[in-house]
Amino acid sequence: MTEPTRVIEKNTLSFTCSKSMKYLRTPVDIWETLKNKYDFTIDICASDANHLLPRYYTKENDGLKHSWDGEIAYVHPLFDGKIGKFVEKASKSKGTFVFLLPASVHTKYFHDYFYKKPNVEIEFLRKPVKGFRFLNDDGSADDQTSIGYIKALMICVMRN
């Protein structure tokens, strides 16, 4: 006896992330570890509500348009298609750049600027049981009953 074939109508499947990644603040435990390890001078990817340092760039004053030379920068861009531009900018700047990124080891920017580079350290973060807990833009906790961000994350430190 053969199993019946399951038919799924076209355009009925959808895949969504458990959270919107727009303007989310770095998880507290990750930030605490990083700020105790690095003497950051600027937060490259922030909003007026979620910046973690007194000096910061927002989407409106675009950190990609400013010099990063001489900075010890925290770089936590939106998890979108522009990550590579931030990584490339850091590679052409003189300073220390600490990135919090999805562990997307298949990407062009990972292979071109991080992988096997002598000036780069990579640390893969172990996912908590219910995912990474990003805070809301205003610093408040997210919905603790929901699943957090479940994709792997990495910290990449580029020293130029």
A.B. asks: What I'd like to find out is whether the side chain of Tyr74 reaches to under 4.5 Å of the side chain of Glu71, using heavy atoms alone.
C.D. replies: no
A.B. asks: Which pair of non-hydrogen atoms, one from Thr41 and one from Leu53, has the smallest distance, and what is that distance?
C.D. replies: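 Shortest heavy-atom contact: C-CD1, 4.5 Å.
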A.B. asks: Any side-chain heavy-atom pair from Leu52 and Phe40 closer than 4.5 angstrom?
C.D. replies: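 In short, these two side chains do not touch, never coming nearer than 4.5 Å.
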A.B. asks: Could you tell me whether a side-chain N or O of Asn119 sits under 3.5 Å from a main-chain N or O of Asn160, the two making a donor and an acceptor?
C.D. replies: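 No.
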A.B. asks: Any pair with a residue in residues 113-125 that passes salt bridge (charged side-chain N to carboxylate O under 4.0 Å, His left out), sequence neighbours left out, goes on the list, sorted by first then second residue, please.
C.D. replies: Glu121-Arg159
A.B. asks: Could you give me the CA-CA distance, side-chain angles and deciding distance for Ile155 and Ile30, then say whether side chain to side chain contact (heavy atoms under 4.5 Å, CB included) is met?
C.D. replies: CA-CA 9 Å; Ile155 302 291; Ile30 295 173; 4.2 Å; yes
A.B. asks: Sequence neighbours excluded and cut-off under 3.5 Å, please list the side-chain donor-acceptor pairs for residues 91-102, or say none.
C.D. replies:
| unit_1 | atom_1 | unit_2 | atom_2 | d |
| --- | --- | --- | --- | --- |
| Ser91 | OG | Glu88 | O | 2.6 |
| Lys92 | NZ | Glu88 | OE2 | 2.9 |
| Ser93 | OG | Lys89 | O | 2.8 |

A.B. asks: Please confirm whether the backbone N or O of Glu32 pairs with a side-chain atom of Asn36, one donor and one acceptor, at under 3.5 Å?
C.D. replies: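 Confirmed, Asn36 side chain pairs with Glu32 backbone.
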A.B. asks: If every non-hydrogen atom of Phe86 is compared with every non-hydrogen atom of Cys45, which pair is closest and at what distance?
C.D. replies: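 Smallest heavy-atom distance, with atoms named: CE2-SG, 3.4 Å.
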A.B. asks: For Phe110 and Met154, which heavy atoms make the closest approach, and how far apart are they?
C.D. replies: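 The pair with the smallest heavy-atom distance is CD1-CE, 3.7 Å.
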A.B. asks: State which residues pass ring pair (Phe, Tyr, Trp, His ring centres under 6.0 Å) with Tyr113; sequence neighbours excluded, sorted by chain then number.
C.D. replies: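 Scan of Tyr113 (ring pair (Phe, Tyr, Trp, His ring centres under 6.0 Å), adjacent residues dropped) gives none.
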A.B. asks: Under the rule for side chain to side chain donor-acceptor pair (under 3.5 Å), what residues qualify as partners of Tyr56, not counting sequence neighbours?
C.D. replies: Asp48
A.B. asks: Under the side chain to side chain donor-acceptor pair (under 3.5 Å) definition, can you give me all pairs with a residue in residues 101-111, not counting sequence neighbours?
C.D. replies: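 Checked against side chain to side chain donor-acceptor pair (under 3.5 Å) - neighbours excluded - the pairs reaching residues 101-111 are Lys108-Asp112.
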A.B. asks: For residues Tyr57 and Trp68, establish whether the separation of their ring centroids is below 6.0 Å.
C.D. replies: no
A.B. asks: Counting heavy atoms not belonging to Tyr115, are there more than 12 under 6.0 Å from its OH?
C.D. replies: no
A.B. asks: Assess the residue pair Lys127 and Phe124 against the criterion (side chain to side chain contact (heavy atoms under 4.5 Å, CB included)); give the C-alpha distance rounded to whole Å, side-chain angles, the decisive distance to 0.1 Å, and a yes or no.
C.D. replies: CA-CA 9 Å; Lys127 181 186 75 65; Phe124 295 98; over 6 Å; no
A.B. asks: Within this structure, what is the CG-CZ distance for the pair Leu153 and Arg126, rounded to the nearest 0.5 Å?
C.D. replies: 14.0 Å
A.B. asks: Any side-chain heavy-atom pair from Thr33 and Tyr38 closer than 4.5 angstrom?
C.D. replies: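 Thr33 vs Tyr38: side chains apart.
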A.B. asks: Is there a side-chain contact between Ile44 and Ile42 in this structure, where contact means two heavy atoms from C-beta onward sitting under 4.5 Å apart?
C.D. replies: yes
A.B. asks: Who pairs with Asn61 by side chain to side chain donor-acceptor pair (under 3.5 Å), at least two apart in sequence or on another chain?
C.D. replies: Thr58
